[in-house]
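Note sheet for the following structure.
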Amino acid sequence: MNNRLRLAIQKSGRLSDDTIDLLGACGIHISRPDRKLRALSEQFNLEILFLRDDDIPGYVADGVADAGIVGENVIFEKNKEVETMERLGFAKCRLSIALPNSFPYSSAADLNNLHIATSYPGLLERFFKEKGVSASIHEISGSVEIAPGIGLADGICDIVSSGSTLISNGLREVEVVLQSEAVLIASPTISADKRSRLDRLRFRLQSVLKAKQHRYILMNVPNESLSEVIQILPGMKAPTVMPLATEGWSSVHSVIPENTFWDVIEKLKAAGAEGMLVIPIEKMVL
Ligand code: ATP
Ligand code: ZN
C-alpha cells in the first residue's frame, strides 16, 4: 500500500513559486526534473502532484490527493467538501463585481437585469441569490476584464488585487463577493496515519508563517529609561535585558509583530532607545 502523503499543488501559475518557497522553508525541497507531473520528497515521505489549480479541490475531496495548497476562491467555486487546515498568507485577493465607471451604482439592486461576465459562475450565482438579485451570468474562461469594452457584458465578476487592471479597463469595483488567500486543505477521507503526518507539516508551516509576521529587535537603552522601554515592547514574554560594558547602559532584546513595527520603533526611540537593530526570524516555535 502506498503510504506516501500526497500533496497537490499548482503546476504553474500565481501560486506555484510561493508554494514551493514555503515548502522549502519547512525543509521540503522539491526537485521537478523535466517538469514532470509528480515529484517525490524524501524528507517527508511526500509525493507532490502538480495540477491545474481548478482540479485541486476535486482531487482532494475525492481522496486522490490527501492534501492540497490552493486559493479559497477555487475551493468555494468548485464547492467541494474539503477541510481548510491553515491559511497561508499569500495569493491574497478578492473576487469582485465591477461595472463601467459611467454606470450609476448605489446598491446590489442596481445589478438586476445586467449581464455579468465571469470565470466564477458558481460563486456569482450564490451571491446573486443571497442578495435577491436577478441578473444573467455569462461564463468565460479568461480576459474577463475586456468583456464590457467589447460589448459582451454589462459588467464583470473577477479576481482583483491592486485594482489596476480594472482602472486600465475603465471599470469600478462595486461589490466584493469573496476575500481569498492560499490555504492548506485536507481530504475528508485521509487516514489517521497520514493525518498525523499532515499535522506535522502544518506545525512546520505555522512556525514559518509566524516567523514571517515577527521581527527580532535589539537596542541599547540608558538604564533610567529601561522601565519605560520594557512597557512599550509587546514581546512574547518579558524582554531580555543585559548590561553593556558602558556603565549605565543595557542591551534589550525582544520579538515584535511586524504589523505594529513602525509604531513601536517610534515609541522606543522617543523613550531613549538607541542603536536599534531589526532582524528577520527564520522559524518561530511556540
Ligand atoms: P491554472 O492554469 O492552474 O488553472 P489560473 O490561470 O486559473 O491557473 P492563476 O492566475 O495562476 O490561475 O491564479 C491562481 C490563484 O492565485 C487564483 O485562483 C487566486 O487564488 C490567486 N490570484 C489570482 N490573481 C491574483 C492576483 N492578482 N493577486 C493575488 N492572487 C491572485
Ligand atoms: Zn485555474
Side-chain angles (χ1 to χ4, degrees), residues 6-24 30 32 34-39 47-62 64-65 67-98 116-127 137-149 155-186 205 209 212-213 258-259:
R6 269 192 171 173
L7 178 72
I9 67 174
Q10 192 188 23
K11 182 171 51 174
S12 79
R14 285 177 193 266
L15 299 170
S16 312
D17 288 350
D18 285 339
T19 300
I20 286 168
D21 289 351
L22 186 57
L23 291 172
I30 302 164
R32 192 184 164 196
D34 315 325
R35 321 264 321 144
K36 283 210 173 80
L37 298 184
R38 289 162 66 167
E47 178 175 352
I48 308 282
L49 299 184
F50 298 93
L51 303 172
R52 279 199 61 196
D53 67 345
D54 310 65
D55 296 332
I56 294 175
Y59 274 54
V60 173
D62 297 344
V64 176
I69 293 178
V70 70
E72 289 172 298
N73 53 317
V74 177
I75 301 170
F76 292 126
E77 175 60 27
K78 302 290 173 192
N79 213 1
K80 296 286 184 190
E81 271 305 303
V82 294
E83 180 196 344
T84 295
M85 291 189 76
E86 196 67 41
R87 304 175 76 79
L88 302 176
F90 64 89
K92 285 191 177 176
C93 58
R94 55 195 187 273
L95 182 69
S96 292
I97 298 175
I116 307 292
T118 188
S119 313
Y120 294 87
L123 277 166
L124 185 55
E125 192 181 333
R126 270 178 270 158
F127 177 82
I137 297 172
H138 191 104
E139 184 179 353
I140 51 179
S141 61
S143 305
V144 174
E145 66 283 355
I146 64 167
I156 66 167
C157 174
D158 201 10
I159 296 290
V160 180
S161 59
S162 70
S164 58
T165 308
L166 294 183
I167 291 169
S168 60
N169 284 282
L171 298 168
R172 179 166 66 101
E173 191 174 355
V174 296
E175 294 283 347
V176 176
V177 174
L178 180 84
Q179 298 277 356
S180 177
E181 68 186 88
V183 291
L184 174 71
I185 54 174
L205 288 167
L209 294 170
K212 277 193 196 171
Q213 293 158 5
E258 211 265 337
N259 58 359

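Ligands are counted one by one from 1 in listed order, and the atoms in each one are counted from 1 as well. Since the structure is predicted, the reported quantities are computational estimates derived from the model, not experimental observations.
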min-distance protein heavy atom vs atom 27 (N) of ligand 1 -> Ser161 OG, 3.1 Å
Mark up the atoms of ligand 1 that fall under 4.0 Å of a heavy atom belonging to Ile159, in ascending order. 23 (C), 24 (N), 25 (C)
Interfacing atoms of ligand 1 (cut-off 4.0 Å, heavy-atom, Gln10): 1 (P), 3 (O), 8 (O), 9 (P), 11 (O), 12 (O), 14 (C)
Pick, from Asp18, Asp53, Leu51, Val74, the option with the minimum heavy-atom distance to atom 12 (O) of ligand 1. Asp53
Which of the atoms of ligand 1 are close to Gly13, meaning less than 4.0 Å from one of its heavy atoms? 11 (O)
Ser12, any N or O under 3.5 Å of ligand 1 N or O: no
Proximal atoms of ligand 1 relative to Asp54 (non-hydrogen, under 4.0 Å): 4 (O), 7 (O)
Atom indices of ligand 1, in the order listed, that fall short of 4.0 Å to a heavy atom of Asn73: 17 (C), 18 (O), 19 (C), 20 (O)
To the nearest 0.1 Å, how far is atom 29 (C) of ligand 1 from its closest protein heavy atom, and which atom is that? Lys92 O, 3.4 Å
Considering heavy atoms of the protein only, find what lies nearest to atom 11 (O) of ligand 1 and give residue, atom and distance to 0.1 Å. Arg14 N, 2.8 Å
Kindly indicate whether atom 6 (O) of ligand 1 is approached by any protein heavy atom to under 4.0 angstrom. no
Closest to the Zn ion (ligand 2), which N/O/S atom of Asp54 is it? OD1
At less than 4.0 angstrom from any non-hydrogen atom of Gly71, what atoms of ligand 1 do you find? 20 (O)
